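Naming: A, B, ... by sequence-line order, numbering from 1 per chain. Just so you know, these numbers come straight off a predicted model, no measurement behind them.
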Amino acid sequence: MTIIEIPAGWPVDESAARAVQQELRGRLVRDEEGPGAGEGHVTGLDVAYDDERDLVVAAAVVLDARTLRVVQEATAVGRVSFPYVPGLLAFREIPTVLAALDRLTVDPGLLVCDGYGLAHPRRFGLASHLGVLTGRSSIGVAKNPFTFTYEQPGSARGDFAPLLAGGEEVGRALRTRAGVKPVFVSVGHRVSLANACAHTLHLTPRYRLPETTRHADSLCRRALNEALGEE
DNA sequence: GCGACAG
DNA sequence: ATCTTGTCGC
């Protein structure tokens with residue numbers, strides 16, 4: 001089993017990580033609509049951890065956006081590259097996620113991350129970070145509202161309410177299943193918020209969470225168990 | 001100062 | 001994220 005190296009110069013403390021966010025934030029593109037929902041490929045990304053052995057396993061699963069069928073899967077194993085600090089999640093998983101993406105031989109299309117993009121203390125969460133580093137369109141779909149506030153959206157699938165940081169709309173609480181807790185959608189890079197929500201609805205014909213996330217989640221858990229077995 | 005806080 | 005069985009319900 002190959003273990004991905006943490007890149008030289010990777011931030012070693014919180015202030016260094018925040019400086020990297022500030023620099024990369026300048027490269028964020030917000031004036032593009034992004035690819036249409038249901039067109040081309042969509043790629044789900046997720047990671048699983050074994051803090052005991054300091055391992056992180058990333059999975060990238062490419063789906064055909066129209067049929068939601070799996071087109072290709074890739075995984076990578078790395079060392080945990082940063083402690084979990086709210087607001088600095090990206091530094092914990094990005095080297096391994098990039099390695100998994102690099103192993104794909106097909107176009108990933110839109111990147112769908114487990115977490116946030118612009119809905120972030122400094123408006124640069126995991127989805128934005130990954131989008132800027134790859135140059136691709138990306139969105140974040142999170143299971144929890146983090147520190148943000150929102151009013152309950154209507155109970156029908158597709159209903160939404162703004163996710164607010166003070167008075168600023170940083171994302172949306174979007175109902176993907178009638179009567180079920182909403183998911184929290186935000187823009188990553190090179191996509192509009194309305195389009196990010198349209199993609200999220202296309203990816204949730206049956207469950208609360210996007211098919212991309214569900215596939216990537218199960219794959220990285222399986223890959224983690226295999227990695228532990230080889231050890 | 002204390003608590004909350006994506007995964 | 002992760003520790004973790006059965007169980008209630010469609």
Checking B/dA6, C/dA1, B/dC5 against the side chain of A/T147 (C-beta onward), the nearest is B/dC5
Could you tell me how far apart A/F91 (CZ) and B/dA6 (C1') are, to the nearest whole angstrom? 14 Å
What distance separates A/T43 OG1 from A/L104 CG, expressed to the nearest 0.5 Å? 6.0 Å
Is the aromatic ring centre of A/Y84 closer than 5.5 Å to the centre of the six-membered base ring of B/dG7, with the two planes inclined by less than 30°? yes
Does the side chain of A/R221 get closer than 4.0 angstrom to OP1 or OP2 of C/dT2 through an N or O atom? yes
Checking contacts here: which listed nucleotide (C/dT2, B/dC5, B/dG7) is nearest the side-chain heavy atoms of A/D114? B/dG7
Nucleotide by nucleotide, 5' to 3', does protein get under 4.0 Å of the base (B), only the sugar-phosphate (S), or neither (-) in nucleotides 5-10 of chain C, counting heavy atoms? ------
Report the distance from atom OH of A/Y150 to atom C1' of B/dA6, rounded to the nearest whole Å. 14 Å
Separation of atom CG in A/L224 from atom P in C/dA1, rounded to whole Å: 13 Å
Closest approach of A/A100 and A/A74, non-hydrogen atoms and distance? O-CB, 3.4 Å
Just checking A/L88: base, sugar-phosphate only, or nothing, at a heavy-atom cut-off of under 4.0 Å? base
Sidechain N-carboxylate O distance under 4.0 Å for A/R222, A/E226: no
Atom-pair distance (CG on A/L55; P on C/dT2), nearest Å: 13 Å
A/D46 atom CG is separated from C/dT2 atom P, nearest whole Å, by 8 Å
What is the distance, rounded to the nearest whole Å, between atom CD of A/E93 and atom P of C/dA1? 10 Å
Categorize A/A119 for me: base, sugar-phosphate, or nothing, with a 4.0 angstrom heavy-atom threshold over every strand shown. nothing
Is there side-chain contact between A/I94 and A/W10, with heavy atoms separated by less than 4.5 Å? yes
Rounded to whole Å, how long is the line connecting atom CZ of A/F148 with atom P of B/dA6? 10 Å
side-chain contact (heavy atoms from CB on, under 4.5 Å) assessment of A/L55 paired with A/L228: CA-CA 9 Å; A/L55 291 179; A/L228 296 181; 4.2 Å; yes
Provide the full list of side chain to side chain donor-acceptor pair (under 3.5 Å) pairs with a residue in residues 145-162 of chain A, sequence neighbours left out, each pair given once. A/R157-A/T204
Taking 4.0 Å as the cut-off, does a side-chain nitrogen or oxygen of A/K143 come that near to OP1 or OP2 on B/dA6? no
Separation of atom CZ in A/R172 from atom P in B/dA6, rounded to whole Å: 22 Å
Between A/N144 and B/dG7, is there a contact of a side-chain N or O with OP1 or OP2 at under 4.0 Å? yes
Would you indicate which nucleotide in B/dG7, B/dA6, C/dT2 comes nearest to any side-chain atom of A/F146? B/dA6
Tell me which pairs pass side chain to side chain donor-acceptor pair (under 3.5 Å) where either residue lies in residues 170-179 of chain A, with sequence neighbours left out. A/E169-A/R172
Just call it for A/G87: base, sugar-phosphate, or nothing, with non-hydrogen atoms closer than 4.0 Å on any strand. base
